[in-house]
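Just follow the structure's listing: the first ligand is 1, and inside any ligand the first atom is 1. Residue numbers count from 1 along this sequence.
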Amino acid sequence: MSRLVVVSNRVTLPQKSGDAPAGGLAVALQAALEERGGIWMGWSGKSSGAKEPAPLAMQTHGNITYALTDLTKTDVEEYYHGFANRVLWPICHYRLDLAEYGRKEMAGYFRVNRFFAHRLAPLLREDDIIWVHDYHLIPLAAELRQMGLKNRIGFFLHIPWPPADVLFTMPVHEEIMKGLSHYDLVGFQTDHDLANFAGGLVREGIGEALEGGKLTSYGRTFKGGFYPIGIETAAFADYAKKAATNLIVRKAKQSVEGRDLIIGVDRLDYSKGITQRLDAFEHFVKSNPGHHNRVTYLQITPKSRSEVPEYEQMQRTVAEQAGRVNGAIGTVDWVPIRYINRSIGRPVLAGLYRLARIGLVTPLRDGMNLVAKEYVAAQDPENPGVLVLSRFAGAARELRGALLVNPYDIEGTANAIARGINMPLEERQERWGRMMEHLLEHDVTRWCNDFLRDLTAA
Ligand code: GDG
């Protein structure tokens with residue numbers, strides 16, 4: 001079996017005893033690396049004012065070598081905050097209005113990808129299989145090919161891929177499309193994203209879709225596919241069950257006694273539809289007086305990307321909105337919205353999902369959305385809750401037992417909350433059973449194996 005080399009913007013180092021358990025993606029990649037032996041390379045998260053970052057820091061644990069590179073402050077500003085998070089992220093989430101193009105940032109993105117390639121190449125062996133992750137590193141294969149590398153290289157995009165009309169508003173769309181053609185396998189989350197990509201190639205006359213999922217563009221033939229990412233379903237269900245004894249979960253349970261709990265969990269990001277969701281909750285309470293004082297909505301929202309102005313602004317907006325709604329509909333003994341603006345431990349999170357009668361997952365656009373899957377996995381089979389899920393999350397294409405909503409339709413989402421709260425046990429069990437069966441079969445290990453199987457065969 002060939003050695004595996006994973007490259008991603010950030011690297012998850014192995015857990016030390018006492019650390020919070022890692023998320024499913026890290027667990028699956030570490031398992032694949034451990035089995036095949038390999039390297040995980042990425043940015044250390046550190047930056048300095050020096051012109052040239054320090055040499056790669058290498059750490060070996062078992063069969064895996066972690067190769068961490070620092071970046072310069074300018075690199076982080078231009079490549080990470082500038083182009084990746086202020087151009088590619090909004091464009092891939094259909095937010096043309098939020099994309100900010102700067103020549104410096106665009107150049108920085110390609111420069112840092114070249115830098116990654118130069119740091120990675122000396123570590124590689126001829127038959128290594130390379131798996132590159134996500135929008136930060138699209139041009140990496142082109143840079144490696146330029147250096148003469150012939151290895152199999154696969155790319156997986158964790159976020160959505162937009163239709164050509166959206167993508168082509170980006171000045172460097174051509175370089176980005178060309179960059180993808182240097183991979184042997186380009187994987188998306190859903191059939192919809194793949195169709196946007198392949199359709200864009202064909203419609204713009206820069207490529208062709210051939211039989212067997214093959215695509216050609218810019219003189220190269222490669223494979224396109226979709227690989228919906230999963231979670232570590234069985235392990236997560238187990239955490240949730242065990243979390244009943246966790247002190248924080250027990251306290252939370254006590255504090256919502258007699259009320260239905262609704263839960264929302266998202267990084268603070270405009271793609272997650274948090275403000276529309278708060279509106280929908282307010283509308284639900286106002287239009288269902290019977291539920292006054294009978295529901296608690298817990299929104300857990302760790303801060304993210306606070307260096308990007310839109311995120312900093314959003315932090316204020318959401319906090320103000322939660323305060324305003326509580327002021328308008330709360331009573332002396334009822335705080336309708338509990339808003340937590342920081343991260344909580346994974347086992348506690350699993351326990352809270354299990355307590356919640358409704359999982360409210362309403363992104364405006366999302367590659368997959370793992371929270372939706374975690375919520376389902378965490379439920380008690382005897383008394384499962386209801387997943388209210390945006391039709392614009394990749395997960396909606398799999399989780400057919402959810403109540404699907406259009407998150408822009410505030411009244412429609414409010415009606416789905418009401419329907420979920422009032423849903424009889426039998427219907428809840430039937431819907432949950434269907435989703436859980438799917439998640440057990442399509443877990444993150446299968447996702448990883450499917451992608452690597454196709455990359456090996458590509
Ligand atoms: C990108 C794509 C795609 C959240 N708050 C806490 C916490 N979390 C964990 C959740 C979940 C993860 O973070 C979030 O994953 P999502 O999939 O929901 O969203 P993104 O971060 O935007 O991820 C997305 C994903 O990549 C994978 O391909 O699904 O579409 O945007 O696991 O549980 N975890 C803990 N405390 C928190 O407060 N411990």
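Counting heavy atoms of neighbouring residues, nucleotides and ligands inside a 6.0 Å radius, atom CZ of Arg342 does not exceed 12 of them.
Among Phe197, Phe451, Phe155, Tyr135, the one residue that satisfies the ring-ring contact (aromatic ring centres under 6.0 Å, His included) test with Phe188 is Phe197.
Listed by chain and number, Trp89, His158, Gln189, Ile229, Val265, Arg267, Lys272, Ile300, Pro302, Ser343, Ile344, Gly345, Arg346, Leu349, Tyr353, Asp366, Gly367, Met368, Asn369, Leu370, Val371, Glu374 each place a non-hydrogen atom less than 4.0 angstrom from ligand 1.
Aromatic rings from Trp43 and Tyr80 are positioned such that their centres are separated by under 6.0 Å. Taking the six-membered ring for Trp and the full ring otherwise, the centers of Tyr79 and Phe110 sit at least 6.0 Å from each other. Here His283 and Phe281 keep their ring centres 6.0 angstrom or further from each other.
The pair Arg391-Asp409 does not count as a salt bridge, with every side-chain nitrogen at least 4.0 angstrom from each carboxylate oxygen.
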